[in-house]
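Contents: one structure, followed by commentary.
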Number of protein chains: 2
Amino acid sequence: AGLKKVTDDMKTHKNPTLRQGPKPFKAAAPQTAPKPGKPAVQAPAAAAKKPPVFELQDKRWAIEYQEGNKNIEVADTNLKQTVYAFKCNNCVIKVKNKLNSITLDSCKKTAIVFDDVVSSLEFINCQSVQGQVMGKVPTISIDKTDGCLIYLSKDSLDTEIVTAKSSEMNVLVPKDDGDFTEFALPEQFKTTWDGSKFNTVQTDIA
Amino acid sequence: AGLKKVTDDMKTHKNPTLRQGPKPFKAAAPQTAPKPGKPAVQAPAAAAKKPPVFELQDKRWAIEYQEGNKNIEVADTNLKQTVYAFKCNNCVIKVKNKLNSITLDSCKKTAIVFDDVVSSLEFINCQSVQGQVMGKVPTISIDKTDGCLIYLSKDSLDTEIVTAKSSEMNVLVPKDDGDFTEFALPEQFKTTWDGSKFNTVQTDIA
């Protein structure tokens, strides 16, 4: 796959958000003292940060530890390939053509836009993520994820959305005028005994 | 409430499980090297362990940081009181009479048995917990919890069980012969678009 070109999005002097963490490709410096009144919550995670990865590993496009990169594009895909994004933060990933599947694992504030997927789009252990399908996707899986916005296309309205242990999930359905209507997915359920079995209904109908 | 008597369950020489962590009421010692082939996963949590609490704080029975204590009994309760168990591990808590509510927060391998609750029994951020009601409980809430076994009584079959972001939940319903029948609560859901709205069904019917 070779080395990836450093785009403007990766340059810290052009992206203020990149400067919040330690600069990439530098040895870990001693932690600076936290500002008074501000807990140093991000410090341990930032100290363990690994260099970003974007390469094709056998049949898998590995996109890992990317920070604030809004121009990640996987263009040269085929039906046997998968995209696997891991621990990306504040990124936008575009995937072209038709491929097997896409997984976002432990990503935050990251959006993925893709054409077609034969198998599934999966979110696991994510926070504040978005997915937009331009063509078709048979299954969308949302697991252990808080904050997930799904933009469907007219060709993907028959998708099955499988959810577990997640919250703040919303699906946007395209209207004829090109705009979208938003629907919340249920995240809380009520179960009662009817004398012979338990019945479960969603409690958070919008 | 005064100091709690040290029962046999709290004594490390009578309970091998208590010896796995640092001994209570001792200054933190330097971490011993982990055994080869055994990851030192528990070390950071054990080092931060706090002394156990069991006392009435205003109207709240606080039961905190208990380890392997199978004889915790809250006997002198009334309708205005609550029980709040926090970060208890491998414990059994018995609550007598009728009180307002019971909450288990961040507890592991801990069981609670109680007579009657006016409001609710709540589990939040727990793992491998059990609850048994002998009388009545209007609502049982299970949130961010993995592994929860609920024993109902004949008088509590009209309880509402509210679940969110949880897994491995089972409810045991009493039979006429005194035995129980076990039912799994749904934890995974499938949502599909019907042309005008989304419909959600459980995917894991036993």
Side-chain angles (χ1 to χ4, degrees), chain A residues 44 120 124-125 127 133 137-148 150 152-175 180-206, chain B residues 44 120 124-125 127 133 137-148 150 152-175 180-206:
Chain A
S120 65
I124 181 163
N125 282 321
Q127 290 168 274
V133 50
V137 53
T139 304
I140 297 171
S141 166
I142 306 172
D143 192 18
K144 300 185 191 76
T145 289
D146 296 313
C148 188
I150 305 284
L152 295 180
S153 67
K154 288 197 174 172
D155 288 339
S156 64
L157 292 177
D158 58 350
T159 189
E160 288 186 352
I161 305 173
V162 177
T163 58
K165 298 184 67 180
S166 296
S167 64
E168 295 165 66
M169 300 167 285
N170 289 279
V171 184
L172 290 110
V173 175
K175 292 193 286 190
F180 288 85
T181 310
E182 187 166 339
F183 297 84
L185 296 187
E187 60 192 64
Q188 195 188 63
F189 300 88
K190 189 175 73 178
T191 298
T192 48
W193 177 250
D194 72 2
S196 60
K197 66 180 190 307
F198 282 100
N199 298 310
T200 299
V201 295
Q202 62 195 70
T203 63
D204 45 6
I205 299 165
Chain B
S120 64
I124 181 161
N125 282 322
Q127 290 168 275
V133 51
V137 55
T139 303
I140 298 171
S141 164
I142 307 172
D143 193 18
K144 301 186 192 74
T145 289
D146 295 314
C148 187
I150 305 285
L152 294 180
S153 67
K154 288 197 173 169
D155 288 339
S156 64
L157 292 176
D158 57 350
T159 189
E160 289 186 352
I161 306 173
V162 177
T163 58
K165 298 184 66 180
S166 296
S167 65
E168 296 165 65
M169 299 167 284
N170 290 280
V171 184
L172 290 110
V173 174
K175 293 192 288 190
F180 289 85
T181 311
E182 188 166 339
F183 297 83
L185 296 187
E187 59 191 67
Q188 195 189 62
F189 301 87
K190 188 176 74 178
T191 298
T192 48
W193 177 250
D194 72 2
S196 61
K197 67 180 190 308
F198 282 101
N199 298 311
T200 299
V201 295
Q202 61 194 70
T203 64
D204 45 6
I205 298 166

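What's counted below: heavy atoms across the whole structure, side chains too, no hydrogens, waters or symmetry copies. Bear in mind that the values here come from a model prediction, so they are computed numbers and not experimental data. Just so we're on the same page: letters track the sequence lines, and every chain starts at 1.
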What part of A:Ile142 is in contact with chain B, defined as an atom under 4.5 angstrom from a non-hydrogen atom: side chain, backbone, both or neither? neither

Side chain, backbone, both or neither: which part of A:Thr192 has an atom under 4.5 Å from a heavy atom of chain B? both

Nearest heavy atoms of B:Ser166 and A:Lys165, plus distance in Å: O-CG, 3.7 Å

Heavy-atom distances under 4.5 Å only: say whether A:Thr163 touches chain B with side chain, backbone, both or neither. both

Interface moiety of A:Val201 toward chain B, non-hydrogen atoms closer than 4.5 Å: neither

Value rounded to 0.5 Å, distance of CD1 in A:Ile140 from OG1 in B:Thr191: 10.5 Å

With a 4.5 Å heavy-atom cut-off, do A:Val171 and B:Trp193 have their side chains touching? no

Pairwise distance CG(A:Asn199) to CD(B:Gln202) - rounded to 0.5 angstrom: 8.5 Å

Ring geometry between A:Phe189 and B:Phe189 (parallel below 30°, tilted from 30 to 60°, perpendicular above 60°): parallel

Under 4.5 Å to a heavy atom of chain B? For A:Asp194 that would be neither

Could you check if a side-chain atom of B:Val162 sits within less than 4.5 angstrom of a side-chain atom of A:Gln188, using non-hydrogen atoms only? yes

Taking A:Lys144, A:Lys190, A:Lys197 one by one, which has the highest count of heavy-atom pairs under 4.5 Å against chain B? A:Lys190

Interatomic spacing from OG1 in A:Thr200 to CD in B:Glu187 - rounded to 0.5 Å: 11.5 Å

Most heavy-atom pairs under 4.5 angstrom with chain B, which of A:Asp146, A:Thr181, A:Leu152, A:Asp158? A:Asp146

